[in-house]
Amino acid sequence: MIVTVTPNPSLDRTVQVDRLARGAVHRTVRTRLDPGGKGVNVSRALAAAEVPTLAVLPSGGADGARLAELLAPESVPVVEVPVQAPTRSNIAVVEADGTTSKFNEPGPELAAAEVAALERTAADLAGRAEWLVTCGSLPAGCPEDLHARITAAARRAGAKVAVDSSGQPLALACEAGPDLVKPNLAELAELAGSPLRDLGDVLDVAGRLRAGGVGAVLVSLGQLGAVLVAESGTWHATSEVTAVLSTVGAGDATLAGFLRAGGSGPDALRVAVAYGGAAVGLAGSRMPAPDDVHPQRVRVDAVDESVSLSGVAA
């Protein structure tokens, strides 16, 4: 089983417009409401592939109840940690060419007892999991080392751990020795403290993370696919994407695909990139089902360190 932990889940409303113009009145083409949050999305993609999963999340108010209701038809089992403040809502505005502008609320402020309950629940469930995936931003009231603490507790319980976050919470989690981290290019550059110009720079930073105790580094590179740096080797995977409807959740789908395919090696990387490519072809933050995913269209090669990353939106 794969347990996901999302400290800051959301209701994700996606609004499609022809073109976004600052200060203008817009008429929407269509809207949709999805359950959101990085770990939630990973569980959604896994459940669609009939991989046993469980989503752990704080739940507050009517929006928290609505989030659980939206997950039920997707067959995602949920463990709700009750909190007083309401669950947040996010808005994504998607233009006709696929350009996506996101407006994310900060989320509720959690009391110390609520944070402790979330940690305790994650640690208890880790003992039943093959992988524990701890993901996303942290709401107010959470210590910046929450992902690190969950990582340490899960590893003590015998689970493998994947982390997908950013900034200081990701940096601290890396120090706790997770088996896998999945930053995008911007998040990896933030960890490095400098821009990453080519794949050689990516390999350098990933190598430093592995030297510090991270098992493997999976870096999503937007239209340039993804890179995997692990003890067993280094690979770069790419795939042609013919239509971009929304980039929301594509990185989460990438991580889900990687874990679904075993969580290591070039074959898992191939499936990961296929999942990410399928996700951008779906409206809103829909997660791909197996029929949407085409690993045979993904090319996996040895890394060409000279490949430029200029202009890549990861």
Side-chain angles (χ1 to χ4, degrees), residues 4-10 12 36-43 57-58 88 90-92 100-110 115 118 122 132-152 154 161-196 201-202 204-210 212-222 224 226-229 247-256 258-259 272 276 279-280 285 309 312-314:
T4 66
V5 182
T6 309
N8 205 10
S10 61
D12 283 358
K38 283 183 172 293
V40 169
N41 287 338
V42 171
S43 280
L57 47 90
R88 65 178 177 154
N90 296 333
I91 297 174
T100 303
S101 301
K102 296 184 68 176
F103 303 85
N104 290 350
E105 292 184 358
E109 181 169 357
L110 302 190
V115 176
L118 179 64
L132 182 137
V133 184
T134 184
C135 292
S137 63
L138 300 178
C142 287
E144 287 199 316
D145 67 345
L146 179 61
H147 288 308
R149 286 155 57 167
I150 291 173
T151 296
V161 180
V163 180
D164 185 358
S165 188
S166 60
Q168 187 66 1
L170 176 58
L172 293 171
C174 288
E175 295 176 4
D179 297 273
L180 174 70
V181 294
K182 198 225 71 65
N184 63 26
L185 183 61
E187 291 159 351
L188 190 68
E190 186 178 16
L191 279 182
S194 61
L196 304 178
D201 289 345
V202 169
D204 180 64
V205 179
R208 280 185 270 153
L209 291 178
R210 291 200 63 252
V214 174
V217 183
L218 173 63
V219 187
S220 53
L221 301 171
L224 284 184
V227 168
L228 175 64
V229 181
T247 59
V248 179
D252 310 330
T254 298
L255 178 55
F258 190 75
L259 296 176
V280 300
S285 58
L309 300 174
V312 172

Give, for atom OG1 of Thr4 and atom CG of Leu57, the distance between the pair rounded to the nearest 0.5 Å. 7.5 Å

Pairwise distance CG(Leu196) to CG(Leu221) - rounded to 0.5 angstrom: 9.5 Å

Before giving the answer on side-chain contact (heavy atoms from CB on, under 4.5 Å), spell out for Ile150 and Val163 the whole-Å C-alpha distance, their side-chain angles and the decisive distance to 0.1 Å. CA-CA 10 Å; Ile150 291 173; Val163 180; over 6 Å; no

Closest non-hydrogen atoms of Ala192 and Val205, given as atom of the first, atom of the second and distance, are CB-CG2, 3.6 Å

Which heavy atom in Leu132 sits nearest to a heavy atom in Ala122, and how many Å separate them? CD1-O, 3.7 Å

Of the non-hydrogen atoms in Val42 and Ala256, which two are nearest, and what is the gap between them? O-CB, 3.8 Å

Under the salt bridge (Lys or Arg N to Asp or Glu O under 4.0 Å) test, which residues partner Arg210, sequence neighbours left out? none

Contact check, side chains of Lys102 and Ile91, non-hydrogen atoms, under 4.5 Å: no

Keeping to residues at least two apart or across chains, list the salt bridge (Lys or Arg N to Asp or Glu O under 4.0 Å) pairs with something in residues 183-195. none

Judged by atom type as modelled, is there a donor-acceptor pair below 3.5 Å linking the side chain of Asn8 to the main-chain atoms of Pro106? yes

Can you find a pair of side-chain heavy atoms, one from Pro9 and one from Pro58, that are under 4.5 Å apart? yes

Could you tell me whether a side-chain N or O of Ser165 sits under 3.5 Å from a main-chain N or O of Cys135, the two making a donor and an acceptor? no

What pairs meet the side chain to side chain donor-acceptor pair (under 3.5 Å) rule with one or both residues in residues 167-182, with sequence neighbours excluded? Arg155-Asp179, Lys182-Ser220

Yes or no on side-chain contact (heavy atoms from CB on, under 4.5 Å) for Asn104 and Ser10, after CA distance, side-chain angles and deciding distance? CA-CA 9 Å; Asn104 290 350; Ser10 61; over 6 Å; no

From CG (Leu259) to CG (Leu180), nearest 0.5 Å: 6.5 Å

Please check if the side chain of His147 supplies one atom and the backbone of Gly136 the other of a donor-acceptor pair under 3.5 Å. yes

Of the non-hydrogen atoms in Pro183 and Leu170, which two are nearest, and what is the gap between them? CB-CD2, 4.3 Å

Would a 4.5 Å heavy-atom cut-off, applied to side chains only, mark Leu191 and Arg208 as touching? no

Judged by atom type as modelled, is there a donor-acceptor pair below 3.5 Å linking the side chain of Asn184 to the main-chain atoms of Val219? no

When rounded to the nearest 0.5 angstrom, what is the spacing between NZ in Lys38 and OG in Ser43? 14.0 Å

Tell me the closest heavy-atom pair linking Gly276 and Thr254, and the distance in Å. CA-OG1, 3.4 Å

Heavy-atom donor-acceptor pair, Thr6 side chain to Val40 backbone, under 3.5 Å: yes

Side chains of Pro7 and Pro139: closer than 4.5 Å at any heavy-atom pair? yes

Between atom CG of Asp204 and atom CG of Leu188, what is the distance when rounded to the nearest 0.5 Å? 9.5 Å

Measure the spacing between OG of Ser137 and CZ of Arg88 and express it to the nearest 0.5 Å. 4.0 Å

Measure the shortest side-chain to side-chain distance between Val133 and Asp164 over non-hydrogen atoms and say whether it is less than 4.5 angstrom. no

Over all atoms of both residues, closest heavy-atom pair of Val161 and Ala154: CG2-CB, 3.6 Å

